[in-house]
Amino acid sequence: MNLKKLSILVAFGLLSAASSSAQEILEWRGADRSGMYKESNLLKTWPANGPTVLWEAKDLGNGYGSPAITKKNIFIEGEIDTVNYLFSLDLSGNILWKTKIGKEWIINYPGVRTTPTVVNDLIYVSAGWGAVACVEANTGKIKWSVDMMKDFHAKQITFGFSESLLMEDNKVYISPGSKDTNIVALDRFTGKTLWISKALGEKTAYCSPILIKLKARNVIVTFSAHALLGIDSKDGKLLWSHKQDSEGDVHCNTPYYENGYIYYISGDGNGSVKLKLADDGSAITEVWRNKKCDNTFGAFIKVNDYIYTSGYEKRQYYAVNANTGEITDSVKFDRGSIISADNLLYLYNERGQVGLFNPNGPKLEQISTFKLTQGTKAHYAHPVILNGIMYIRHGKSLIAYDIKNK
Amino acid sequence: MKKTFSLVGVLLLASSTLFAQELTLDDVLNNYYKASGFDKLQQVNTIIMSGMQTTHVVMPAKIYKVRPNKVRMERDVNDITGLTVYDGQTGWTTAPWSRNPNPQIAAGPILIDILNAADFDGILYNWKAKDHNAELVGKEAIDNTEVYRIKFTRKDGGIEFYLIDSKAFLLQRKIFKRMVRDKEMEVQNVYSDYKPIEGVMFAFTNETLMGGQVTSSTQYESIEVNKPVDDKLFLMPAAK
């Protein structure tokens, strides 16, 4: 074999390897878990009764978790008779299959809390009592599973395990939250343990982590019961932690990273906080905190220099200056979740009202609103937007709205 | 001519005295019945009220009422539905969030509240025939609204106060006492946002205050009357 042929083969081999390892991750709150959906040409206002309902899928079991949506399928979990099921739907909302994952949480707020993570043809799910599984997207067959309670002596928490699983290359991260297995990395193809991080040895705190990719290292950022943690994704080493000043241990909101800064909001902890992350990810410095901005599980969105989120004690949405932490606007729209797409904000509150808002810098401006009437139980799920369709889960139902601007 | 003017003067004086006269208990209650649409309520046999109850969280709330005395109140705690029911003979409750899935027979103050809620026309209507006692205590101002205060002694001896708006003659507030964690507390139910449904006035907002603080607020999104209600809703389920 001559050198030219060899180099072509090597180049081809590298190309195909790069192609086969390219990961399209579909997960909780969209790309980078930011809640920002890269969509365009969406409706700028809605009719009084809301956008057109394309379909409603019923009988998906109880839950508050959002769907993960691919080009062909919708994956969503639901609780039926104490069991967590992963459902596969076609893009018209028809159920194709469902697979039993494990025991689901029904002691309070009964139902699934998590969103599946889809990487190519594999789906990663977790259930309220600690079952974690990798499922084949085409068949629903379980490829491997672990039980966080049994295999990692996880400690159960007041509202049940609620972590939507984070992926990185060949790894999937789970948070059993026991003294010696605070965070664990598993091989995503086999379920085999790659490393175990003791971190602070605290219980898990309902948080779905983010991965910050830096030159020096990749950092997993998540909460345990009383601190925000920064963990080196290579080996599980605890790099830093940010202690919460309250006794609260419910820190559901996924942190957000942008240009060297970490933002988080925990109403059960320090409130809204901005941290400066060292260039190599090894340390943090607090920039500001604002206790008044106290969202607990509705998440937040950062657009340019402002953060938009709802309060918890005060049932209103806020605009917060991301440079100073000051609240610049408050709008009475109860409290709930928030996502963004096409330079607009989509709010879904606990009264079942869905709002289209304009993030106008320090001002949060209401454009349109409608009342969601389908579904069951509490309005806690976070909406998802893909290809001009807004998906909202309300208990046993998933409703698809056409929000394309035609 | 002088006599005629004097007579007119006397009549005017008598008339103004009459207007200035305070209303009697019967006057207040008759005005209340009229303003509330009690005549129309007699043609109503079922009521279904659906809405949201706000405590520290917002949860769905639903009430079914069937004439003369069946009621089913669905209330969610931690997103788990509990029931408070009177089937016409027995009051029972469920509180599955307490990890006990079985129904419990209601007694004591809970049963009194259920019986009150089950009285389709309300405790103030036809109160004499129901062996209750009522007394008009006086007039007072609450939140810039002038109200008549009625002291109501139920036939079981329990005392409640009903405050009726002196202009609109709608029920504005009910005040009573309940034992909360071994301590007697004043409870106030505040009714507002009245709207007519088939000629009957319904309060679409009901706030509960304890110790002066709002502990819950229910906003009804829909109130329907004379819709079919399945009798099975009132049957006590068997223990699991």
Side-chain angles (χ1 to χ4, degrees), chain A residues 61-65 78-79 81-82 104-113 128 158-160 162 248 250 252 267-268 294-298 310-316 332-337 348-353 370-381 393-397, chain B residues 48-64 72-84 93-103 190 192-193 195 203-209 213-224 227 230 233 237-238 240:
Chain A
N62 297 308
Y64 315 97
E79 175 267 323
D81 295 334
T82 76
E104 190 46 73
W105 187 259
I106 58 159
I107 289 172
N108 45 42
Y109 302 92
V112 170
R113 285 98 165 88
T158 310
F159 299 103
S162 308
V250 179
C252 310
D268 209 25
D294 60 352
N295 190 284
T296 302
F297 53 86
S310 87
Y312 186 80
E313 285 301 323
K314 291 196 173 174
R315 292 180 165 273
Q316 54 197 16
K332 289 207 181 306
F333 194 67
D334 204 70
R335 71 177 185 215
S337 60
Y348 175 38
N349 71 25
E350 292 181 15
R351 296 186 179 281
Q353 294 166 307
F370 72 94
K371 177 77 196 282
L372 187 149
T373 54
Q374 303 91 335
T376 57
K377 300 295 203 173
H379 298 272
Y380 291 157
R393 196 248 184 87
H394 181 209
K396 291 176 182 171
S397 288
Chain B
I48 304 173
M49 306 168 80
S50 307
M52 302 287 236
Q53 186 182 48
T54 305
T55 50
H56 63 291
V57 294
V58 178
M59 289 289 151
K62 195 159 190 174
I63 298 176
Y64 298 87
R72 174 188 168 102
M73 295 179 277
E74 298 177 354
R75 185 173 70 102
D76 283 19
V77 171
N78 294 342
D79 218 15
I80 300 171
T81 305
L83 304 175
T84 302
T93 63
T94 63
W97 52 80
S98 65
R99 301 196 192 183
N100 180 359
N102 295 321
V190 182
S192 60
D193 192 18
K195 290 175 198 165
F204 275 67
T205 299
N206 178 359
E207 280 184 334
T208 300
L209 284 76
Q213 299 292 314
V214 177
T215 56
S216 79
S217 169
T218 306
Q219 269 92 36
Y220 292 103
E221 288 158 0
S222 86
I223 298 180
E224 300 171 293
K227 297 280 179 191
D230 191 340
L233 289 174
K240 289 177 184 170

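Not measured: the values here are computed from a predicted model.
Only the backbone of A:I106 comes within contact range of chain B, with at least one heavy atom under 4.5 Å from a heavy atom of that chain. There is no contact between B:V77 and chain A, counting heavy-atom distances below 4.5 Å.
Looking at B:M73 and B:L83, their side chains never come closer than 4.5 Å, going by heavy atoms from C-beta outward.
Of all heavy-atom pairs between B:P103 and B:A238, the closest is CD-O, 4.5 Å.
Every residue was checked against the ring-ring contact (aromatic ring centres under 6.0 Å, His included) condition with B:F204, not counting sequence neighbours, and none meets it. For B:T208, the side-chain hydrogen bond (donor to acceptor under 3.5 Å, both in side chains) partners are B:N189, not counting sequence neighbours.
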Enumerate, including both backbone and side-chain atoms, all donor-acceptor pairs under 3.5 Å from chain B to chain A.
| residue | atom | partner | partner atom | Å |
| --- | --- | --- | --- | --- |
| B:T54 | OG1 | A:R351 | NH2 | 2.7 |
| B:H56 | O | A:R315 | NH2 | 3.3 |
| B:H56 | O | A:R335 | NH1 | 3.4 |
| B:H56 | O | A:R335 | NH2 | 2.6 |
| B:D76 | OD2 | A:K377 | NZ | 3.3 |
| B:N78 | O | A:Y109 | N | 2.6 |
| B:N78 | OD1 | A:Y109 | OH | 3.4 |
| B:D79 | O | A:K377 | NZ | 3.3 |
| B:D79 | OD1 | A:A378 | N | 3.1 |
| B:D79 | OD2 | A:Y64 | OH | 2.6 |
| B:D79 | OD2 | A:A378 | N | 3.2 |
| B:T81 | OG1 | A:K377 | NZ | 2.6 |
| B:E221 | OE1 | A:K371 | NZ | 3.0 |
| B:E221 | OE2 | A:K371 | NZ | 2.8 |

